[in-house]
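The structure under discussion appears below in the form of structure tokens.
Letters A, B, ... are given to chains in the order of the sequence lines, protein chains preceding strands, and every chain is numbered from 1. For the numbers below, each heavy atom of this structure counts, side chains included, while hydrogens, waters and symmetry mates do not.
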Number of protein chains: 2
Amino acid sequence: MALDHAILVSLLEKPGSGYELSRRFERSIGYFWTATHQQIYRVLKRMEHDGWIDVRDVPQQGRPDKKEYSVAAPGRAALSEWLHEPVEPESVRHDLAVKIRGAAFDDPTALIREVERHRQAHADRLAHYLAGEQRDFTDPGADAPLDAGQELQHVVLRGGIAYERMTIAWLDDVLATLNRLHPAP
Amino acid sequence: MALDHAILVSLLEKPGSGYELSRRFERSIGYFWTATHQQIYRVLKRMEHDGWIDVRDVPQQGRPDKKEYSVAAPGRAALSEWLHEPVEPESVRHDLAVKIRGAAFDDPTALIREVERHRQAHADRLAHYLAGEQRDFTDPGADAPLDAGQELQHVVLRGGIAYERMTIAWLDDVLATLNRLHPAP
DNA sequence: GATGACATGTAACTAGTTACATGATTGG
DNA sequence: CCAATCATGTAACTAGTTACATGTCATC
């Protein structure tokens, strides 16, 4: 189970509340793991109960108070143990590919619009990632070189960028194939 | 829910048993959806109960008898309905990326071996896909051009190939980054 | 008679999704 | 006062995983 570990890594990078974690899962963590706030609050409660993380009430001005979570020693040990275990190469789940093969048994016109919609969504994500890369990982020069944690975050982001570029190119291939099979009038 | 629909598409391509479906999910369907035999038998039972698929007992020589499933009209209608609904661009789940960011808080040496293991697994999958492409989608000439269904299967396979190539290149980037951060003695 | 591929299932558990619910605080 | 963002949760359901279980048939 990697949601526990994804949360532990995120809290090690920076302690935060359940709400803040759910924001991060929409942003930087989102390109390698997803989770809703319901899942996050449930896991935080369990990890707190198990002593993996500590909680601190943080009063705030201008916004509701929050609970700030940070990783405790047992949580760090659990993460370290998991990091040393092998995990299986992840299984892909791709609804769109099911639809593409299903199009052989249906009118493919609706599928073209769907593929175009997905292409747009991936192009948007790519632009978002590239903006983040520009913002967070532009080398500031020899005075303040990126540290190891930043280098690792950057290489993961490069994976997200490569994934989006590959996907966009593939969706173009899909569109060309669909148009070849079903030429527009 | 796409497992139902993935099974329907596969049964439309060719009727078969639960066992055969679980083989297909290890092969061609495996690069866009995964399922274990337990899941498959459960879903087949439900779809049969709902009248989406028909069953036929097939006695065999040389091996145990089997149940052959094929898609019934209501199943085809349900698939068609789903094909016309938009689906959200899929969420990525990538344990390895969690581990890479986690490596900032742990010794990265073990991670290098893990990344190399994943690289090998993806290289094996790529070789497997390329062999399948060679076998199934080599243009036999104008006498027997590929039909629409085959073209669609091929473009999905090209997606799997592009994914594996992209992943291998990214894992090389990851290894280079890890070695830069932690030079071997 | 053992192993391995073929074939089909049940039970219990874990993870993920969807729907519902509440309340603070700011800015228009 | 209304909408938006921040903030935290519960309940019910659906999907996916892991462990267990049984039996056929061919080959060595």
Side-chain angles (χ1 to χ4, degrees), chain A residues 1-8 15-27 29-30 32-50 53 55-69 82 85 87-95 98, chain B residues 1-8 15-27 29-30 32-50 53 55-69 82 85 87-95 98:
Chain A
M1 222 294 278
L3 177 55
D4 297 38
H5 305 109
I7 289 176
L8 288 172
S17 68
Y19 187 83
E20 282 161 354
L21 282 168
S22 72
R23 299 277 103 188
R24 294 183 205 172
F25 274 90
E26 285 171 7
R27 301 179 76 261
I29 312 178
F32 58 84
W33 208 267
T34 54
T36 60
H37 77 274
Q38 292 92 331
Q39 256 183 296
I40 290 165
Y41 284 119
R42 192 204 282 154
V43 170
L44 285 173
K45 191 150 283 188
R46 191 185 67 228
M47 292 201 296
E48 190 205 336
H49 176 265
D50 294 347
I53 54 178
V55 159
R56 189 168 72 91
D57 278 308
V58 177
Q60 298 187 112
Q61 313 105 335
R63 40 174 77 177
D65 298 348
K66 66 175 181 180
K67 301 180 180 180
E68 193 183 73
Y69 293 92
W82 178 74
E85 273 167 18
V87 292
E88 283 313 298
E90 63 296 327
S91 48
V92 181
R93 293 273 159 99
H94 215 310
D95 293 81
V98 180
Chain B
M1 220 296 278
L3 177 54
D4 297 39
H5 306 108
I7 289 176
L8 289 170
S17 67
Y19 187 82
E20 283 161 354
L21 283 168
S22 72
R23 301 275 102 188
R24 293 182 207 173
F25 274 89
E26 286 173 6
R27 302 179 74 261
I29 312 176
F32 58 83
W33 208 268
T34 54
T36 59
H37 77 274
Q38 292 93 332
Q39 255 183 296
I40 291 166
Y41 284 120
R42 191 204 283 154
V43 171
L44 285 173
K45 191 150 283 186
R46 190 185 69 228
M47 292 202 295
E48 190 205 336
H49 176 266
D50 293 345
I53 54 178
V55 164
R56 186 168 74 90
D57 277 308
V58 177
Q60 298 188 109
Q61 311 106 337
R63 41 173 78 176
D65 298 349
K66 66 173 180 180
K67 299 180 180 178
E68 193 182 74
Y69 293 93
W82 178 74
E85 272 167 19
V87 291
E88 284 314 296
E90 65 295 327
S91 49
V92 180
R93 293 272 159 100
H94 217 310
D95 293 80
V98 180

Atom pair distance, as rounded to whole Å: CD1 in A:Ile7 and P in C:dA15 | 12 Å
Side-chain contact test, heavy atoms from C-beta onward, threshold under 4.5 Å: evaluate it for B:Leu8 versus B:Met47 and give yes or no.
-> yes
Which whole-number value in Å describes the distance from B:Asp57 CG to C:dT8 C1'?
-> 12 Å
Nearest of C:dA15, D:dG16, D:dT5 to any side-chain atom of A:Tyr19?
-> D:dT5
Short side-chain N/O contact to D:dC6 OP1/OP2 from A:Arg23, under 4.0 Å = yes
If you find the nucleotide of DNA chain C closest to A:Trp33 and the one closest to B:Lys67, which residue's nucleotide is nearer the 5' end?
-> B:Lys67
Are any of B:Tyr41's side-chain N or O atoms less than 4.0 Å away from OP1 or OP2 of C:dT8?
-> yes
Is a donor-acceptor pair below 3.5 Å formed from side chain A:Arg42 to base C:dG16, judging by atom type as modelled?
-> yes
Salt bridge (charged side-chain N to carboxylate O under 4.0 Å, His left out) with A:Glu26: which residues, sequence neighbours excluded?
-> A:Arg23
For the student: nearest non-hydrogen atoms of B:Ala6 and B:Phe25, plus distance = CB-CZ, 4.1 Å
Side-chain contact, heavy-atom cut-off 4.5 Å: A:Ile29 with A:Ile7?
-> no
Whole-Å distance between C:dA5 P and B:Arg27 CZ?
-> 16 Å
For A:Glu68, check side chain to side chain contact (heavy atoms under 4.5 Å, CB included) against everything at least two apart and list the hits.
-> A:Pro15, A:Arg56, A:Val58, A:Lys66
Over its full length, what angle do the end axes of the helix from C:dG1-D:dC28 to C:dG28-D:dC1 make, each axis taken from five pairs and the result rounded to 10 degrees?
-> 20°
Check the distance between D:dT17's P and B:Phe25's CZ and give it to me in whole angstrom.
-> 12 Å
Calculate the interatomic distance between A:Arg46 atom CZ and D:dT10 atom C1'; express it in whole Å.
-> 17 Å
State, yes or no, whether a side-chain contact exists between A:Phe32 and B:Arg93 at a heavy-atom distance under 4.5 Å.
-> no
Listed by chain and number, what are the ring-ring contact (aromatic ring centres under 6.0 Å, His included) partners of A:Trp82, not counting sequence neighbours?
-> A:His5
Give a yes/no answer on whether the side chain of A:Gln39 brings an N or O atom under 4.0 Å of OP1 or OP2 in C:dA15.
-> no
For B:Arg24 and C:dC6, give me the distance from atom CZ to atom P, rounded to whole Å.
-> 14 Å
Given D:dT8, is OP1 or OP2 found less than 4.0 Å from the side-chain N or O atoms of A:Ser17?
-> yes
Would you check if B:Asp65 and B:Asp57 make a side-chain contact, meaning some heavy-atom pair closer than 4.5 Å?
-> no
Could you pull out the protein-nucleic contacts involving nucleotides 20-27 of chain C (nitrogen or oxygen on both sides, under 3.5 Å)?
| from | atom 1 | to | atom 2 | distance (Å) |
| --- | --- | --- | --- | --- |
| C:dT25 | O3' | A:Gly62 | O | 3.4 |

Measure from NZ on B:Lys45 to C1' on C:dA11 and round the result to the nearest Å.
-> 13 Å
C:dT18 phosphate, OP1 or OP2, under 4.0 Å from A:Thr36 side-chain N/O = no
Any B:Asp95 side-chain heavy atom under 4.5 Å of A:Trp33 side chain = yes
Sequence neighbours excluded, every pair satisfying salt bridge (Lys or Arg N to Asp or Glu O under 4.0 Å) that has a member inside residues 33-46 of chain B = B:Asp4-B:Arg46
Length of the NZ-P vector between A:Lys66 and D:dT5, whole Å | 18 Å
